[in-house]
Amino acid sequence: MYLKFLVDIPGVPGKITYRRKADTDYVYYEYDRKYDKGTQLTNPKRATIGKRSKDDPTKMQPNQNFLKYFPETELPEEMDRTYRSSCLRIGDYIVIKKIMEEYHLEEILSHYFKGKDLGLFLDLAAYSIVTESNVAQYYPEYAYNHPLFTEDMRIYSDTKISTFLHFVTEDQSVSFLNEWNSKRDHREKIYISYDSTNKNCQAGDLEIVEYGHPKVDQGQPIFNYAIAYDTHNREPLFYEKYPGSINDISQLEFMLDRAYGYGYRKIGFILDRGYFSRQNLDAIREKGYSYLIMVKGMASFVNGLVLEKRGTFEEKRVNYIEGFDAYGTTIETKLFATDEKNVYVHIYHSIQKESAERTNLEDRIRKMKQYMKKHTNEVREFGSGFEQYFILHYNEKTKQFQFAEERVSAIEKESKLAGYYCIISSEKMTAKEALVKYKSRDASEKLFRGDKSYLGNNSLRVYTDESAGGKIFIEFVALIVRNRIYTYLNDEMKELETKPNYMTVPAALKELEKIEMVRLTDNVYRMDHAVTKTQKTILKAFGIDAAQVKYQAAKISEKLAKQQKRAGGMKEWQGQLGWKHWNRR
């Protein structure tokens with residue numbers, strides 16, 4: 001991303017070079033040299049820092065790398081942006097402000113950010129929640145018609161945001177996470193749901209970005225991102241970012257060390273099937289933690305247990321687990337032959353799941369048959385997926401495929417296992433308790449979907465590791481707030497007789513955006529209309545009523561009036577001094 005102003009090309013003899021592409025001269029800075037023992041040559045390491053101006057060859061349009069290597073450079077002054085829309089949308093701001101106060105987020109962050117930077121951090125978090133976007137260039141448009149947390153509700157440009165993100169440090173994010181986790185109650189027994197995802201990176205030369213094994217492969221380098229979520233208190237605890245080539249199983253051990261470092265002792269981990277490995281389970285035990293984990297597919301070591309219990313519990317009412325449409329039973333056994341302690345294998349059966357899986361199995365076999373029939377009398381290998389269900393016959397001389405014979409026993413075995421699934425717990429508990437605990441991780445899965453779908457964070461559009469770290473840090477704080485919005489709405493909806501469609505987070509935020517203040521001819525902002533019935537229902541979830549909305553609206557109006565008065569006085573002073581620009585971002 002190239003910034004929207006010109007600066008002098010740095011005067012560092014021997015370090016600046018140019019490379020012409022199309023009709024543009026790109027400016028390169030040599031930031032290091034590496035000696036290669038093999039070639040016995042010293043190789044320069046260079047980075048693009050800008051594009052040379054066509055009008056003035058002594059100046060260039062800088063990018064984020066320029067800010068990285070020349071942080072002391074005085075940047076040009078930007079245009080005054082104190083103006084704003086005559087119609088402000090205040091509903092979401094009031095809710096987000098209340099949650100930030102509830103969690104003392106401004107107070108905590110004030111230890112690591114000061115003045116305008118603190119306000120801008122909070123505004124960027126609110127921006128990603130309200131607009132479902134993290135694109136810096138659209139932030140000024142959001143700030144134009146929303147109340148802000150910045151001093152004097154100042155509207156900053158996308159250039160200022162890019163600079164701000166670049167200078168958010170790892171120390172700030174680490175210190176925030178330390179303080180955030182120190183305020184959690186470490187005495188109570190909690191279960192932490194830990195899950196990870198990966199994010200594509202569309203630009204930049206980031207050290208953390210590597211080609212790996214993305215869940216959705218777009219052919220782009222990725223980095224991995226994981227969140228630990230307290231399922232009891234329904235709060236995100238901490239996050240991790242790590243290179244794209246590291247898989248989830250390898251990273252889990254480092255996460256355990258981090259949880260231990262934060263002081264968590266009386267905890268268990270709820271893990272998805274992707275984390276199942278003996279190495280991971282041993283690492284969890286060594287820390288003294290317990291675990292609850294879904295078994296990957298119908299793994300061979302539990303097949304026997306399922307078949308052994310099949311038909312003994314599925315129709316007994318005492319085994320029915322209300323709310324999950326499943327029957328369950330528990331077996332105490334050793335997970336691995338060399339284990340010293342037993343684990344508890346919870347076996348479940350769902351009639352709906354069985355019907356869906358059997359239908360899917362028959363459909364899969366039918367399509368395989370059709371595919372193989374099309375390639376009869378051809379030299380073709382079909383792979384292990386076909387060999388799992390069929391004995392494939394070939395002509396010995398020509399090696400051509402002739403016909404397929406069903407592996408009846410394999411198909412019948414999979415059909416018998418349809419509708420069954422297993423959860424393994426290290427602690428003694430009933431099948432119902434295990435399922436309820438495991439399903440509590442649904443909130444963390446929704447958190448990930450919200451991160452990608454509703455915070456615009458499927459991809460990061462940054463050029464430096466510092467900017468990436470800044471965006472991820474802000475994203476995590478936004479997730480804390482958005483998750484709280486979700487839990488408030490979810491709890492309130494349980495109390496309602498009907499299930500209105502406006503009680504989801506996106507729908508509720510969209511409805512609250514309609515609460516507006518307008519600026520009349522006296523230059524004062526006032527509420528445009530009363531709070532509607534639907535808006536009252538939504539606000540009730542957060543403990544906010546119409547009177548509180550009016551109070552907050554008055555506070556916003558008062559703050560804006562003071563800001564406008566100061567801005568008017570500043571402009572008058574600027575005029576007297578003959579300065580064209582005063583407000584330096």
Side-chain angles (χ1 to χ4, degrees), residues 191 193-195 247-249 252 268-285 289-316 318-321 324-361 364-365 384-385 387-389 407-442 445:
Y191 270 83
S193 173
Y194 179 77
D195 207 349
N247 62 39
D248 297 343
I249 291 177
L252 184 69
F269 283 94
I270 304 175
L271 302 171
D272 192 12
R273 61 195 69 191
Y275 290 96
F276 184 84
S277 75
R278 180 162 192 171
Q279 179 184 352
N280 276 346
L281 300 186
D282 286 345
I284 294 172
R285 290 195 196 99
Y289 298 148
S290 54
Y291 63 82
L292 198 71
I293 189 167
M294 179 74 76
V295 181
K296 191 171 185 177
M298 291 310 298
S300 57
F301 72 90
V302 296
N303 282 355
L305 295 176
V306 172
L307 294 173
E308 179 185 321
K309 281 292 181 179
R310 186 174 181 269
T312 65
F313 71 94
E314 300 92 325
E315 296 181 0
K316 294 182 179 178
V318 68
N319 297 122
Y320 182 70
I321 304 174
F324 297 95
D325 191 31
Y327 289 79
T329 190
T330 300
I331 300 172
E332 183 179 355
T333 184
K334 282 184 169 55
L335 187 55
F336 303 104
T338 57
D339 284 351
E340 295 181 2
K341 292 185 178 180
N342 287 349
V343 297
Y344 301 87
V345 179
H346 310 281
I347 303 172
Y348 304 93
H349 178 261
S350 165
I351 296 173
Q352 290 183 345
K353 186 176 174 66
E354 177 183 355
S355 175
E357 289 181 355
R358 283 197 171 194
T359 300
N360 181 266
L361 175 62
R364 196 160 65 249
I365 290 172
S384 59
E387 292 172 357
Q388 180 181 352
Y389 300 109
R407 294 185 185 271
V408 176
S409 60
I411 295 172
E412 287 181 349
K413 182 179 180 181
E414 185 164 332
S415 184
K416 287 179 180 178
L417 293 171
Y420 292 88
Y421 55 99
C422 297
I423 296 173
I424 297 173
S425 68
S426 60
E427 289 187 324
K428 185 176 182 179
M429 60 184 70
T430 66
K432 180 179 179 179
E433 289 170 336
L435 188 58
V436 169
K437 277 186 170 62
Y438 187 82
K439 288 296 184 180
S440 67
R441 68 175 270 111
D442 286 352
E445 290 177 347

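Just so you know, residue 1 is the first one in the sequence shown, and it goes up from there. All values reported here derive from a predicted model rather than from experimental measurement.
For Y327, the side-chain hydrogen bond (donor to acceptor under 3.5 Å, both in side chains) test picks out no residue, with sequence neighbours left out. For E332, the side chain to side chain contact (heavy atoms under 4.5 Å, CB included) partners at least two apart in sequence or on another chain are N342, Y344. Not counting sequence neighbours, the partners of S415 by the side chain to side chain contact (heavy atoms under 4.5 Å, CB included) test are R358, L361. For S355, the side chain to side chain contact (heavy atoms under 4.5 Å, CB included) partners at least two apart in sequence or on another chain are T359. Listed by chain and residue number, nothing satisfies the ring-ring contact (aromatic ring centres under 6.0 Å, His included) test with Y191 (two or more places apart in sequence, or in another chain). Partners of F324 according to the ring-ring contact (aromatic ring centres under 6.0 Å, His included) rule, which considers only residues two or more places apart in sequence or in another chain, do not exist here. Every residue was checked against the side-chain hydrogen bond (donor to acceptor under 3.5 Å, both in side chains) condition with R407, not counting sequence neighbours, and none meets it. Remark: H346 engages no residue in a ring-ring contact (aromatic ring centres under 6.0 Å, His included) (not counting sequence neighbours). Scored by the salt bridge (Lys or Arg N to Asp or Glu O under 4.0 Å) test, D325 finds no partners at all (sequence neighbours excluded).
For the atom pair I411 CD1 and I365 CD1, the distance stands at 3.5 Å (nearest 0.5 Å). Summarising the geometry, atom CD1 belonging to I321 is positioned 7.5 Å from atom OG1 belonging to T430; distances are rounded to the nearest 0.5 Å. Taking CD of E354 as the reference point, atom OH of Y420 lies at 6.5 Å (rounded to 0.5 Å). With values rounded to the nearest 0.5 angstrom, I423 atom CD1 is found 7.5 Å from K439 atom NZ. Note that OG1 of T338 and NZ of K334 are 10.0 Å apart. Values are rounded to the nearest 0.5 Å.
A 4.5 Å side-chain heavy-atom check between Q279 and L252 finds every atom pair outside the cut-off. Within the 4.5 Å cutoff, the side chain of L307 has heavy atoms near those of the L417 side chain. Side-chain contact between F269 and Y275 is absent, with no heavy-atom pair separated by less than 4.5 Å. With a 4.5 Å cut-off on side-chain heavy atoms, I284 and L271 count as touching. Residues R441 and D272 form a side-chain contact, since some pair of their non-hydrogen atoms from C-beta on lies under 4.5 Å apart.
Residue pairs meeting the salt bridge (Lys or Arg N to Asp or Glu O under 4.0 Å) criterion with at least one partner in residues 419-430, sequence neighbours excluded, are K189-E427. Sorted by first and then second residue, the salt bridge (Lys or Arg N to Asp or Glu O under 4.0 Å) pairs involving residues 300-310 (not counting sequence neighbours) form an empty list. Each salt bridge (Lys or Arg N to Asp or Glu O under 4.0 Å) pair with one or both residues in residues 414-423, not counting sequence neighbours, appears once here: R364-E414.
For the pair C422 and I347, the tightest heavy-atom approach, listed with the atom from each and the gap, is SG-CG1, 4.0 Å. Heavy-atom minimum distance, I270 versus K437: CD1-O, 3.1 Å. Closest approach of G328 to A431, counting heavy atoms only: C-CB, 3.8 Å.
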### Task
Check the pair M429, L292 against side-chain contact (heavy atoms from CB on, under 4.5 Å), reporting the backbone distance first and the verdict last.
CA-CA 11 Å; M429 60 184 70; L292 198 71; 4.0 Å; yes
### side-chain contact (heavy atoms from CB on, under 4.5 Å) between Y291 and V343, intermediate numbers included
CA-CA 10 Å; Y291 63 82; V343 297; 3.4 Å; yes
### Query
What do the steps show when you test I424 against F276 for side-chain contact (heavy atoms from CB on, under 4.5 Å), and what is the final call?
CA-CA 10 Å; I424 297 173; F276 184 84; 4.1 Å; yes
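Residue K413 places its NZ atom among 12 or fewer non-hydrogen atoms of other residues, nucleotides or ligands, all under 6.0 Å distant.
Distance alone, capped at 3.5 Å, is enough to place a donor-acceptor pair between the D339 side chain and the F336 backbone. S350 places no side-chain N or O within 3.5 Å of a backbone atom of A326 that could act as its donor or acceptor partner. Formation of a donor-acceptor pair under 3.5 Å by the E314 side chain with backbone atoms of T312 is found in this model.
Using a 30° and 60° split on the angle between ring planes, Y421 and Y348 fall in the parallel class, below 30°.
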